[in-house]
Amino acid sequence: MDEEDPVAATQQDLSSAPTPVVNGRTKRRSRWPLEFYRSGIGKKWVMAVSGVMLLGYVLFHMLGNLKVYFGAEDLNHYGEWLRELLVPFFPRTVTLWLLRIGLTAAFFLHIHAAYSLTRMNRRATPERYAGGRDYVAANFASRSMRWTGIIVGLYVLFHLADLTWGTANPGYVRGDTYNNLVNSFERWPVAIIYIVANLALGIHIFHGTWSLFQSLGLNNPRFNEWRTTFARGFAALVTVGNLTFPVSVLAGVIEEEPRVREQVQCETGVAPPDLDCAAFEDVEG
Amino acid sequence: MSKTLNLTLKVWRQARAASPGALEIYDVRDISEDMSFLEMLDILNDRLSGEGKEPIAFEHDCREGICGSCGMMINGQAHGPQRGTATCQLHMRKFADGDTIVVEPWRAAAFPVVKDLVVNRSSLDRIVEAGGYITVSAGAAPEANLTPVPKDASDAAFDAAACIGCGACVAACPNSAGQLFTAAKLMHLNLLPQGQPERWQRAENMVDTMEEYFGSCTNHGECEEACPKSISIDYIALMNKDYIKAKRKNRKLSGQR
């Protein structure tokens, strides 16, 4: 054995040094969308495209919910309008369900791509620097994407249980978006969870909005300098807009509207027995 | 008169690929601030040799920032704290008397340590083999200006061609992604008229080969800062664009065969 001779050992290492196998062969022939998705760049493209869909959603979600400031009837009417999108071409709620299916698909593709890219990156970085790294360009947003992503993902599930399914909201009445929202944010823990999750969302979409230009190959000296500005503005707009909701509820700017709640209960046939629905019928007539 | 520095070095020592490594501490004294970082290591190695110890192994060749041989992680930054230079162009005046400097090899699964600060970067060669060439008619050299090249394309290609293949982009990347290297090698040919015949095959082959060895890009931008040639991450976007197009175009081309 030559293990005592370091020079011979190093020469042997060098002459027989194979290129290490890290991720294995990526190129397996198959249908092109699949083959494209198997590549890292393909997954980043999918992340960017699904990210654009989700960004569009959070923007319109925020803008739509601003109607809470016009009062209970306006917000509830807006909620009803979402169910009646493209009626009579589609029956009621069909458009809404198509949008929901698209968003769910984007949500899961975004997560699957992130998960498998993370695994790829873990394989590529087995060993840390003993002395640590000194980051020069990476910022908090870019380095915390996985964490902010997980926070937002879990929050979305809670948010659905709270305000869509109503299972996490004791006073939930289907169709009464306004009072459901107020009821929910009047609980301190929920407001705090909401605020933390929306700060995480803001940080996540700041890096995501900038990053998607690179992933899609949208790079041109004409607009490159605007990409970070746009990402900052977009993230700030969505975050500030969303954060006003719990703050306004807690500050008493938005208050419960019991009359509207009773009316919704009567109209949807879930009124408690002691509620007099005749009063509302008169108004309708 | 140049000042001199006394420094504490923590250098990664690893006898060979399979053996474990660790940071070892060396005191170096009376280092002139006009020395390069590699000359400082030379002085230390002279001393170690004199003491009958194994000198620190590191790669180096031209020592003027164009060969791409040298490269080490200095205080957590690839090629040290100075932007746009290789380790050999880093001067000791960038450090202060009494500093502790941590010196480590590039770390990535694709770059296994061979010895001390030397890593095996042959994965970068595999990427170049996959498409870093153009097809020309063999024979007498053609007239230099026979193929007109737009000035902008020529400038952009030249900026990418400045890549010296040192591997700093991979070392600096938190994901050990080889994106900046591959983008530079790919786009300097894809931007030029001479590179057009193989453009789409080159994009697909080089990227697919890259992904056998490296992580994926999460757009931190660390690579651009570490690059001794300051190659912009704009090239990564151009590579993404070409790869996405190539996936479609190559199928179309293969359908015509």
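Every chain is numbered from 1 and lettered A, B, ... according to where its sequence line falls, protein lines coming before strand lines. All of these numbers come straight from a predicted model, not from anything done at the bench.
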Which portion of [X] sits near chain A, non-hydrogen atoms under 4.5 angstrom:
X         : result
Pro81(B)  : neither
Glu224(B) : neither
Arg126(B) : side chain
Leu23(B)  : side chain
Phe214(B) : backbone
Arg83(B)  : side chain
Cys173(B) : backbone

Rounded to the nearest 0.5 Å, what's the gap from CG on Leu216(A) to CD1 on Ile244(B)? Could you check?
->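 Interatomic distance, Leu216(A) CG to Ile244(B) CD1, rounded to 0.5 Å: 6.5 Å.
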CD on Gln77(B) to OH on Tyr129(A), rounded to 0.5 Å | 11.5 Å
At their closest point, which heavy atom of [X] faces which heavy atom of [Y], and how far apart are they?
X         : Y         : result
Tyr243(B) : Gly42(A)  : CE2-N, 4.5 Å
His220(B) : Ala138(A) : ND1-CB, 3.5 Å
Val207(B) : Ile41(A)  : CG1-CD1, 3.5 Å
Trp210(A) : Ile233(B) : CH2-CD1, 3.7 Å
Lys44(A)  : Thr218(B) : NZ-CA, 3.9 Å
Gly221(B) : Ala137(A) : O-CB, 3.4 Å

Check for a donor-acceptor pair, side chain of [X] on one end and backbone N or O of [Y] on the other, with a separation under 3.5 Å.
X         : Y         : answer
Glu222(B) : Val136(A) : yes
Tyr135(A) : Pro174(B) : no
Glu127(A) : Arg107(B) : no
Glu211(B) : Ser39(A)  : no
Asn240(B) : Gln214(A) : yes

Between Asn75(B) and Asp134(A), does any side-chain donor sit less than 3.5 Å from a side-chain acceptor?
->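 No, no side-chain donor-acceptor pair sits under 3.5 Å.
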Glu225(A): salt bridge (charged side-chain N to carboxylate O under 4.0 Å, His left out) partners, not counting sequence neighbours | none
Report the option among Gly21(B), Ala177(B), Ala171(B), Gly178(B) that has the most heavy-atom pairs separated by less than 4.5 Å from atoms of chain A.
-> Ala171(B)
Heavy-atom pairs under 4.5 Å with chain A are the metric here; pick the option from Val102(B), Asp242(B), Asp125(B), Asp234(B) that has the most.
->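 Result: the option with the highest number of such pairs is Asp234(B).
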Atom group of Arg123(A) that falls short of 4.5 Å from chain B, counting heavy atoms |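 Just the backbone, heavy atoms under 4.5 Å.
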What part of Asn220(A) lies closer than 4.5 angstrom to a heavy atom of chain B: side chain, backbone, both or neither?
->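 Neither the backbone nor the side chain of Asn220(A) comes within 4.5 Å of chain B.
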Between Ser215(A), Pro20(A), Pro221(A), which residue shows the highest count of heavy-atom pairs closer than 4.5 Å to chain B?
->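 The answer is Pro20(A).
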